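Here the structure is a predicted model, which is why all the values come from computation and not from measurement.
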Amino acid sequence: MAGLSFCGNNVTKNAYSVDTGMLNNGCFVDALNLVPHVFLLFITFPILFIGWGSQSSKVQIHHNTWLHFPGHNLRWILTFTLLFVHVCEIAEGIMDTNHLHLFMPAFMGFIAATTSVVYYHNIETSNFPKLLLALFIYWVLAFITKSIKLWKFAEYGVGVLHLRFCITALLVVLYGLLMAVEINVIRVRRYVFFANPQKVKPPEDLQDLGVRFLQPFVNLLSKATYWWMNPLIIGAHKRPIELKKIGKLPIAMRALTNYLKLKDAYEDQRKAPSIWRSMYRAFGRPILLSSTFRYLADLLGFAGPLCIYGIVEHLNKKPVPYFEVYFMSSNELLQNTSVLAVLLFLALVLQRTFLQASYYVTIETGINLRGALLAMIYNKILRLSTSNMSMGEMTLGQINNLVAIETNQLMWFLFLCPNLWAMPVQIVMGVILLYYLLGTSALIGASVIVLLAPVQYLIATKLADTQKSTLDQSTERLKKTTEILKGIKLLKLYAWENIFCDSVEDTRGKELTSLRTFALYTSMSIFMNAAIPIAAVLVTFVSHALINKSKPSSSEAFAALALFHILVTPLFLLSTVVRFAVKAMVSLLIPLFPVQVNSGFFTWGSNLSTLSDINICIPTGQLTMIVGQVGCGKSSLLLAMLGEMQTLSGKVYWSGLVLNKHQICERTSGPKDWNRYSVGYATQKSWLLNATVEDNITFGSPFNKQRYKTVIDACSLQPDVDLLPFGDQTEIGERGINLSGGQRQRICVARALYQNTNIVFLDDPFSALDIHLSDHLMQEGILKFLQDDKRTVVLVTHKLQYLIHADWIIAMKDGSVLREGTLKDIQTHDVELYEHWKTLMNRQDQELEKTALERKTLRRAFYSREAKNQVDDDEEEEEEEEEDDDNMSTTTSRRSKIPWRVCWQYLSSGGFLMVFLMVFSKLLKHSVMVAIDYWLAEWTAKGLLKSCCLTECAGLPDSYYVPVFIILCGAGIALCLITSLTVEFLGLSAATNLHHNLLNKIIHAPIRFFDVTPLGQILNRFSADTNIIDQHIPPTLESLTRSTLLCLSAIGVIAFVTPSFLIALIPLAVSFYFIQKYFRVASKDLQDLDDSTQLPLLCHFSETAEGLTTIRAFRHESRFKQKMLELTDTNNTAYLFLSAANRWLEVRTDYLGAVIVLTAAVASIWSSGKNLPSSMVGLGLTYALTVTNYLNWVVRNLADLEVQMAAVKKVNSFLSTESENYEGSLDTSQVPEDWPQHGEIKIQDLCVRYDPLLKPVLKHVNVYINPGQKVGICGRTGSGKSSLSLAFFNMVDVFEGQIIIDGIDICKLPLQTLRSRLSIILQDPVLFSGSIRFNLDPERTCTDDRLWEALEIAQLKNMVKALSGGLDAVVTEGGENFSVGQRQLFCLARAFVRKSSILIMDEATASIDMATENVLQKVVMTAFADRTVVTIAHRVHTILEADLVIVMKRGNILEIDKPETLLENEDGMFASFVRADM
């Protein structure tokens, strides 16, 4: 071959001749075109290399990403187009190998264009605009030289029909545009030709180093590929991603910005404003942008099938050689298989980039919308009236639903929006192309898809319905579970745990039924997705064989196959999208805006007692006390004054400054001075934030050490604080669950005292305190601290002995004011009332030190937890690590491992038969799928063998191929059904078993377990984790196995067709391995962050809803709003990063997929010479195309499954709990039916401890109690009184000695028998939701008369009769619709219903007022005359009438005798108690 010279070989005479003028020599013109490129490379390379050196010193991330110059994105797009055109030019030139000048300049142009963009990027980030001049000169020169070339072409009559003319024209346009962009930069920045260059400041976000989410600020390439995420994702491998690492949101994405945007859009609408329209106004533009991306991606998607068609079609046609002709037409370029392979690759890369961009834009918009909606809902919650809450119109559950589920659904709806518009277009295009390939038979095949679409839609709606009913059932089940866990002590003492356990199992049964339906529909929908394309292909090719009497060519067949794959996705998604749209519409029915205005007398709405005819004055700077019996409306009066009740008539006035005695003042809405309208308020039911003790007390006020200390002392909180592990910096979480009632109440009181408000409302602050603390709080806190400040105090109380301190008294009865005035006034005017009070005061209480007991429980709870943790094995410790976010950093190796062991536990709990079935049917199904396509390849290939005579060819093959094809397709469809069913039902049986075991384990766990395990943790296993196991793992598992097997079968087919592909596979596999490894770790961290940041947000919403009255009384709305915005932003940041990480992964796996397609195509083109049938090439390429779709699903599903398996692990860790020993050594038949008939109790040498690791709480106790005796037990807190009462029920570890009741040692009895034969009344009243009848007698064994009798004894008969439904009247959750005193009376009635000869009362009168207590005492004396009653005394005078008094100290009996005898011993402990009481 003659040497390759620039102008071609000298075959043609005038290659170098310039006779006709220089510009008329084509070769010279091409050489001229080289000049600008060389110029640019010469200038930029030195600058770049010097620049790189200085560049590396700039570490500050933000300015590095700052885009200074206008027209930035346009420039990138134009440069990419330029590169593409250069590639075409090179391809076109190379086809005519002899002429170097045809592609050499193009090649240099390609390098120059690449350099220009790198150079530009570096100049832009380092902000040296003057250096842009080099680019400006380059564009001008390139534009001029190309224009000359174009002008010469035109002169010689080379026109649009020739490819080279088109390419040159395009290049002229592009260079012109780039020149314009450059001129624009000069115009805006004035860096040259202008006297004063423009000074620029980086955007606000980039000045703030806290903003780490850089997507809006990086250059186009980094935007498209998420390159800026690399450090974060790869770094996650070494150190877990923490909240600090993901920083703050950019301003434009913050909840506040978007809330204002939405609010403005809402308020701008003149006529009936609609939330949809305002959403469109606020967030419409990005959605349009995203839809545009989506359209582009979908159109590019069709390039795949078309390129396959082209490659298979032209594979075996050798191009006709051209010698003299320089110019080829555009068509010829597109008939070159190599060009098509490259085009296919580029189309795939672009399509995927656009698709991910579309996803990203929608997700970002969705997040912005969610932030705005959350802020709106929160504002609405802050304006809810309390009556809405207490009447159950708006429950906490609903609020949580709004926050957690509904807003996310709207977000999802936005995410699927572009699909709604893009899909119809995609479907229409697809059908047109199919028709073009296969004629009418394609329409028949497509009609199968279209006809089955409604079925899919039907299944989808059914799915949505079942999901809703499942949700209802699981909410119901959770409610029951929560109640059980809250009242577990009572259930165990009454031996009712099985009744309640069964009721949960009942609900779970219903839930499983709807889950079964759910599973069925899910598997149907999966089945439809898998089966529809098979059916469509089957119908198409069979009808083609019947109608056309000929087989399709392999190029048509495989292009059609690829098209069917494309068509299935939109049809499947369409059903999902429609369903989501419906859900989102439903979500938006939440009333977001109405502000309620109530006017009227004070009512809670409906049938609860209302306040009527209230005329009172609260004197300024004085102590007012409100007294009265249980349920007479004392707390309501406070709330009415705070404006929390509905007013039907009359007004509440608040004065700004002076409250004269007779002038009540108007509460104006204008915040003149926030503090003045702010009221320090301590509710009766203490409300704590999930925060430290100190934060709970200061409640957002500035910290003042002196004041803080005084308050802590006044509330005697110091000893309690000292017990906490981190003092007052201890987090008291879960609504303050790890504190006792008294401690929580004192913290609430401390909060009210600490705030600098003129008015303080205290609602029964003494109810949970013992006498010493009450006195201390009264003296130090109320009389000293508050009165010295001359603050106005309103105190609701039952403790009448404090009335002497009151400046003003309001006595209430049945919702109206009975009397008001000073104690003297009442003494003179209402002698009867005064006498009544006096008798009550004389008997007023010795409440034995309740507080010391609380401190002891606190100590026990914290220190036992430590002991428990040391003993537990590693399993538990890992569990702890998952619970606790602070010690999350675990070693790298463990973080990138997949939890195979847990997966195995999950699968094995589903049953081995199901596992085997699933694996077997999956493998079989995928083999059949490959067989179908392979058969199609064989069938279409046979048509190419022209040797056989025509009659045979037409007759034999079809009759032979069609039946086999039909059989294979049928088998494939059947297997699809089987696999989808097996996976779902495997998941279902696993879920059934796991929940059943969990519930039984936990309900039968010893009471100790509940003392040391936080309630929230247990509930989480039943709510979140169970939900994941029920509904999320099966689909993930299905999807994972399906996509993995698809990828493997595809790679297998490609390798089978072109073995050389395997060489390229190695680097691809390695890169895939690393991508998935890094992604899984980072994704898990970000997922955790998303979850862990969502929790505080939910908590904040429910905390706000619960503490509405407190927040509004203190006027802290704005602080709480601020906190809500911060929490929302944090959660949104985590979610944004998570979705950006998903995009990062998808872009990378998609590009890998495109490379696989490219290698497969190139390999098959190379091998085509070696006798490879074109139908096989088609088969390989079709499979290669599917890989791109499924690679990222493998990784995503793997990551999801890993996160979801954590739920299984957590549930399993609870399954290792020890149960109580329910059996006992005696058989039930050996115990007499009416045991204990007499109620004789012998306690011999009894030793008791709570846990084998802890010290004994009772040491060698000996007591003998005669049948029918009334025994009182007293002693200071921690003396073992309550432990003794628990020992009767065998609730604690009796490790020595015995308790013998009526001749039977109770430790030998089965627990169920023992506990069902005794009665107890606990200190904290527990009621369950249901009816009153259910609360008194869940076993349904008693007659109505017996129940009424019990209610009469407990003084509740009249009240219950007044309720609608009588015995079947509703009790709301926790008995909230009754006052605390009434609840305690119900508990008494419950004990009476059980006719047991032994009753134990554990400080049952603590939260009752004096009058009610007197009634109680009488009742116990009369109704229980013949039974043995053991009273653990709270107030000593309650046991003065007992037959026997036991005084305990530190687990030993100190004194035991008749009360009279004990009183005679002046120095005795009992005598000192009674003296303290008088």
Side-chain angles (χ1 to χ4, degrees), residues 213 215-216 223 226 246 249-263 265-266 275-294 297 354-378 401-423 573 576-588 590 592 1083 1086-1087 1089-1091 1093-1094 1097-1098 1124-1125 1127-1144 1146 1196:
F213 188 77
Q215 182 72 5
K223 259 197 181 68
Y226 303 87
I246 59 175
L249 275 183
I251 293 167
M253 297 183 194
R254 292 186 191 160
L256 186 61
T257 324
N258 290 299
Y259 167 61
L260 295 172
K261 207 157 129 190
L262 186 61
K263 192 160 160 263
Y266 190 82
I275 182 84
W276 281 107
R277 213 172 310 129
S278 34
M279 269 162 53
Y280 175 71
R281 279 194 179 178
F283 304 110
R285 278 178 61 187
I287 288 188
L288 291 176
L289 175 69
S290 151
S291 308
T292 316
F293 284 150
R294 185 57 205 260
F354 279 136
L355 195 62
Q356 299 305 339
S358 155
Y359 286 160
Y360 169 75
V361 174
T362 20
I363 286 184
E364 187 193 290
T365 317
I367 286 177
N368 290 343
L369 173 71
R370 176 170 172 254
L373 284 177
L374 282 178
M376 258 179 187
I377 294 172
Y378 193 77
N401 249 355
L402 273 184
V403 178
I405 300 169
E406 313 275 337
T407 46
N408 286 357
Q409 272 180 2
L410 273 174
M411 198 161 89
W412 266 100
F413 171 64
L414 270 191
F415 183 50
L416 294 169
C417 247
N419 291 349
L420 265 180
W421 300 311
M423 278 168 193
L573 271 176
T576 325
V577 174
V578 174
R579 193 172 88 241
F580 255 115
V582 173
K583 268 193 179 173
M585 299 280 188
V586 174
S587 295
L588 262 189
I590 25 171
L592 276 176
S1083 159
L1086 289 167
Q1087 191 90 45
L1089 279 182
D1090 181 39
D1091 294 346
T1093 51
Q1094 189 161 16
L1097 181 63
L1098 289 180
M1124 192 278 313
L1125 290 172
L1127 289 171
T1128 308
D1129 284 344
T1130 315
N1131 180 227
N1132 281 350
T1133 316
Y1135 189 84
L1136 255 180
F1137 268 100
L1138 182 62
S1139 63
N1142 284 338
R1143 301 287 79 77
W1144 180 91
E1146 290 182 5
R1196 290 279 294 276

Would you give the length of the straight line joining atom [atom1] of [X] to atom [atom2] of [Y], rounded to the nearest 0.5 angstrom?
X: Y266; Y: R277; atom1: OH; atom2: CZ; result: 10.0 Å
X: L369; Y: M376; atom1: CG; atom2: CE; result: 9.5 Å
X: L374; Y: T1128; atom1: CG; atom2: OG1; result: 5.0 Å
X: K261; Y: N368; atom1: NZ; atom2: CG; result: 6.0 Å
X: Y259; Y: L1125; atom1: OH; atom2: CG; result: 9.0 Å
X: Q1094; Y: N1132; atom1: CD; atom2: CG; result: 9.5 Å

Min side-chain heavy-atom separation L262-L373 under 4.5 Å: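 Yes, at least one pair of side-chain atoms sits under 4.5 Å.
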
Measuring only between side-chain heavy atoms, which start at C-beta, is L355 closer than 4.5 Å to E1146?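 They are not in side-chain contact.
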
Under the salt bridge (charged side-chain N to carboxylate O under 4.0 Å, His left out) test, residues paired with R254 that sit two or more places apart: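 Result, salt bridge (charged side-chain N to carboxylate O under 4.0 Å, His left out) vs R254: none returned.
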
Restricting to non-hydrogen atoms, name the atom on [X] and the atom on [Y] that form the minimum distance, rounded to 0.1 Å.
X: L1138; Y: Q1087; value: CD1-N, 3.9 Å
X: D1129; Y: A255; value: OD1-N, 2.8 Å
X: A1141; Y: L1086; value: CB-CD1, 3.8 Å
X: A265; Y: S278; value: CB-O, 3.5 Å
X: L1097; Y: M1124; value: CD1-O, 4.2 Å
X: S1139; Y: L1136; value: OG-O, 3.0 Å

Among all residues two or more places apart in sequence or in another chain, which pass the ring pair (Phe, Tyr, Trp, His ring centres under 6.0 Å) test with F213?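 Counting only residues at least two positions away or on another chain, F213 forms a ring pair (Phe, Tyr, Trp, His ring centres under 6.0 Å) with W228, F1137.
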
Under the ring pair (Phe, Tyr, Trp, His ring centres under 6.0 Å) test, residues paired with Y226 that sit two or more places apart: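 Applying ring pair (Phe, Tyr, Trp, His ring centres under 6.0 Å) to Y226 gives none.
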
Restricting to side chain to side chain contact (heavy atoms under 4.5 Å, CB included), what partner residues turn up for T365, sequence neighbours left out?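 Applying side chain to side chain contact (heavy atoms under 4.5 Å, CB included) to T365 gives F283, P286, I287, V361, L414.
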
Among residues at least two apart in sequence or on other chains, which ones pass side chain to side chain donor-acceptor pair (under 3.5 Å) with E364?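 Per chain and number, E364 pairs via side chain to side chain donor-acceptor pair (under 3.5 Å) with Y360.
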
Would you please name every residue forming a side chain to side chain donor-acceptor pair (under 3.5 Å) with T1093, sequence neighbours left out?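 T1093 satisfies side chain to side chain donor-acceptor pair (under 3.5 Å) with N1131 only.
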
L1089, T1130, I367 screened by side-chain contact (heavy atoms from CB on, under 4.5 Å) with Y1135, the one that passes: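 Checked L1089, T1130, I367 against Y1135; only one passes side-chain contact (heavy atoms from CB on, under 4.5 Å): I367.
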
